[in-house]
Amino acid sequence: MTSILGIETSCDETGVAVFDTRRGLLSEALFSQIALHAEHGGVVPELASRDHVRRLSGLVEQALAEAGVERADVIAYTAGPGLVGALMVGAAFATGLATAWNVGVIPVHHMEGHLLAPMLEPSPPAFPFVALLVSGGHTLLVAVEGLGRYRLLGESLDDAVGEAFDKTAKMLGLPYPGGPQLAALAAQGRADQYRFPRPMTDRPGMDFSFSGLKTAVRSRLPPPEDAQARADLAHAFQEAVTDTLTIKCARAIEVTGFSRLVVAGGVGANLRLRERLGTWCAEQGVGLYFPRQAFCTDNAAMMAYVGWQRRAEGRAAAEGIFATPRWSLMELAPPCPT
Ligand code: KG4
Ligand code: ZN
């Protein structure tokens with residue numbers, strides 16, 4: 001096998017990539033549905049599914065042309081977790097195309113994609129490492145001893161970090177998707193005008209809870225016309241979140257004794273988080289690894305990479321269409337030897 005076509009459709013981004021096992025990533029195409037969902041203030045699952053249908057063939061043609069290949073040797077697609085309709089579109093498309101090409105399919109786990117996204121960078125982390133996975137749907141701290149050897153250290157008991165960013169942004173009247181918008185507003189804010197709790201940092205453990213923080217923000221919301229106060233509040237919210245994440249990462253490093261930290265998922269694109277963790281890791285002599293910003297948020301390059309790592313799990317398209325909206329990262333096992 002030399003080339004893998006990756007397909008990502010778990011939420012509101014349609015991604016297609018071609019990865020070559022010798023030459024690395026050959027091409028990557030992405031269509032973001034932001035404009036489609038913005039007027040509704042959040043992702044509308046049915047609209048997401050329909051738009052994946054609309055975009056996939058064009059993106060595949062584009063990615064193949066950019067890679068300079070006519071087809072791939074295998075197709076890896078996101079089988080879960082995610083929105084069931086959106087996943088089904090990717091799964092059905094991948095399986096249909098694999099039938100036409102007479103190649104196999106590899107159903108891959110979306111969060112394993114995020115986890116391994118830093119492997120696409122020029123200096124990838126070696127195992128073992130601690131991974132902080134922060135996306136719109138998940139907040140996980142994981143001890144990673146190798147591929148498929150994942151131990152859960154902590155997770156969010158309620159809202160995911162990305163969700164907390166999105167909901168807080170909405171309260172501030174910012175358009176969807178809130179995370180990057182809130183981060184931009186926070187950059188205009190002054191320090192120490194507001195102070196919010198660092199949830200669950202005063203007790204042992206590495207679990208998170210962000211719903212109380214959201215409530216704390218709601219109770220202090222300035223009037224819409226006070227632009228400076230809103231920026232100050234966004235700043236304080238971002239400080240509370242990045243502080244909390246840094247404290248829990250520090251605990252995870254201490255508990256595991258590992259000397260490498262990987263941060264991935266949409267919120268990993270947050271510059272303040274990168275800065276906070278960067279300072280802490282430099283002080284402690286801990287290696288810090290991020291995917292490039294574009295590979296923090298959803299993309300198909302990371303899914304194609306997982307497909308390569310899990311090539312032994314390829315199946316015949318005739319076996320049927322497989323997708324699962326609920327799928328824990330901890331259920332994964334190490335890949336079979338090839
Ligand atoms: O990983 P991702 O693209 O999709 C999921 O798998 O959920 O993550 C999307 C999440 C959204 O909640 C979005 O608001 C957040 O990541 N996000 C950010 C930033 N960029 C994306 N949050 C804070 N700061 C950012 N710069
Ligand atoms: Zn994601």
Side-chain angles (χ1 to χ4, degrees), residues 6-15 17 30-34 37-38 41-43 45 48 52 77-83 86-87 90 108-118 131-140 155-156 158-172 174-189 208 210 213-214 217 234-235 237-245 262-277 290-303 305-306 325-327 329:
I7 293 181
E8 155 64 34
T9 64
S10 68
C11 189
D12 57 347
E13 251 105 27
T14 319
L30 188 83
F31 184 85
S32 166
Q33 301 178 354
I34 285 179
H37 300 293
V43 180
H52 288 309
Y77 70 90
T78 306
L83 301 172
L87 292 168
V108 289
H109 193 290
H110 182 73
M111 295 311 290
E112 190 168 52
H114 279 304
L115 178 74
L116 299 181
L132 173 69
L133 298 179
V134 275
S135 72
H138 296 86
T139 306
L140 301 172
E155 64 186 327
S156 179
D158 40 58
D159 292 355
V161 194
E163 202 178 345
F165 263 96
D166 294 342
K167 288 179 176 171
T168 303
K170 209 169 185 176
M171 281 189 252
L172 286 166
L174 298 170
Y176 157 87
Q181 298 270 349
L182 189 137
L185 183 62
Q188 315 294 320
F208 305 90
F210 291 104
L213 183 56
K214 191 182 61 193
V217 169
H235 182 96
F237 168 82
Q238 184 172 259
E239 288 306 295
V241 170
T242 50
D243 245 15
T244 304
L245 294 175
V262 160
V263 181
V267 183
N270 185 277
L271 293 177
R272 181 61 183 145
L273 178 63
R274 288 172 172 248
E275 187 181 45
R276 282 288 275 112
L277 287 171
F290 286 106
R292 72 195 75 164
Q293 271 191 296
F295 289 173
C296 279
T297 42
D298 291 346
N299 66 87
M302 63 188 191
M303 308 320 294
Y305 179 83
V306 178
R326 290 190 164 273
W327 187 7
L329 182 66

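What you are looking at is a predicted structure, and each value in this text was computed from that prediction instead of being measured. Note: hydrogens, waters and symmetry copies are ignored here, and every other heavy atom, side chains too, is used. Start at 1 and go down the list; that is how both ligands and their atoms are numbered.
Scanning the protein heavy atoms around atom 7 (O) of ligand 1, the nearest turns out to be G136 N, 2.8 Å. Looking from atom 12 (O) of ligand 1 to the surrounding protein, the closest heavy atom is D166 OD2, 2.7 Å. In terms of protein heavy-atom proximity, atom 24 (N) of ligand 1 is closest to N270 ND2, 3.0 Å. From the protein, the heavy atom lying nearest to atom 21 (C) of ligand 1 is G266 O, 3.3 Å. Atom 2 (P) of ligand 1 has as its closest protein heavy atom D298 OD1, 3.4 Å.
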side-chain contact (heavy atoms from CB on, under 4.5 Å) between V267 and F165, worked out: CA-CA 9 Å; V267 183; F165 263 96; 3.9 Å; yes
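By the 3.5 Å distance cut-off applied to N or O atoms, G178 is not counted among the residues near ligand 1. Geometrically, ligand 1 and G265 share no nitrogen or oxygen pair separated by less than 3.5 Å. Backbone and side-chain nitrogen or oxygen atoms of F165 are examined, and none is located within less than 3.5 angstrom of a nitrogen or oxygen of ligand 1. Residue-to-ligand polar distances place G179 within reach of ligand 1: an N/O pair is separated by less than 3.5 Å. At a 3.5 angstrom cut-off on N or O pairs, H114 counts as close to ligand 1.
Across every non-hydrogen atom of V262 and P118, the tightest pair is CG1-CG, 3.6 Å. Minimum heavy-atom separation, T297 to G266: CG2-CA, 3.8 Å. Scanning all heavy atoms of the two residues, the minimum distance from T9 to H52 falls at O-NE2, 3.5 Å. Summarising the geometry of N299 relative to A294, their closest heavy-atom pair is ND2-O, 4.0 Å, with the distance given to 0.1 Å. In plain terms, the two heavy atoms of L133 and L115 that are nearest each other are CD2-CA, 3.8 Å. Considering all non-hydrogen atoms of both residues, C296 and R274 come closest at SG-NH2, 3.2 Å.
Both the backbone and the side chain of T297 come within 4.0 Å of ligand 1, counting heavy atoms alone. Residue H110 touches ligand 1 through its side chain alone, judged by heavy-atom distances below 4.0 Å.
Within D298, the N, O or S atom lying nearest to the Zn ion (ligand 2) carries the name OD1.
Residue G162 approaches ligand 1 through these ligand atoms, each under 4.0 Å from one of its heavy atoms: 12 (O). Atoms of ligand 1 found under 4.0 Å from any heavy atom of G137 (numbered from 1 in listed order, with element): 7 (O).
Under the 3.5 Å distance criterion, the side-chain polar atoms of R326 are left unmatched by any main-chain donor or acceptor of P81. Using modelled atom types, one side-chain atom of Q33 and one backbone atom of A48 make a donor-acceptor pair closer than 3.5 Å.
The CG atom of D166 sits 11.0 Å away from atom CE of M171, with the distance rounded to the nearest 0.5 Å. A distance of 6.5 Å separates NE2 in H110 from OG1 in T78, rounded to the nearest 0.5 Å.
For residue C11, no N/O/S atom approaches the Zn ion (ligand 2) to within less than 2.8 Å. Residue side and main chain included, H138 places no N/O/S atom under 2.8 Å of the Zn ion (ligand 2).
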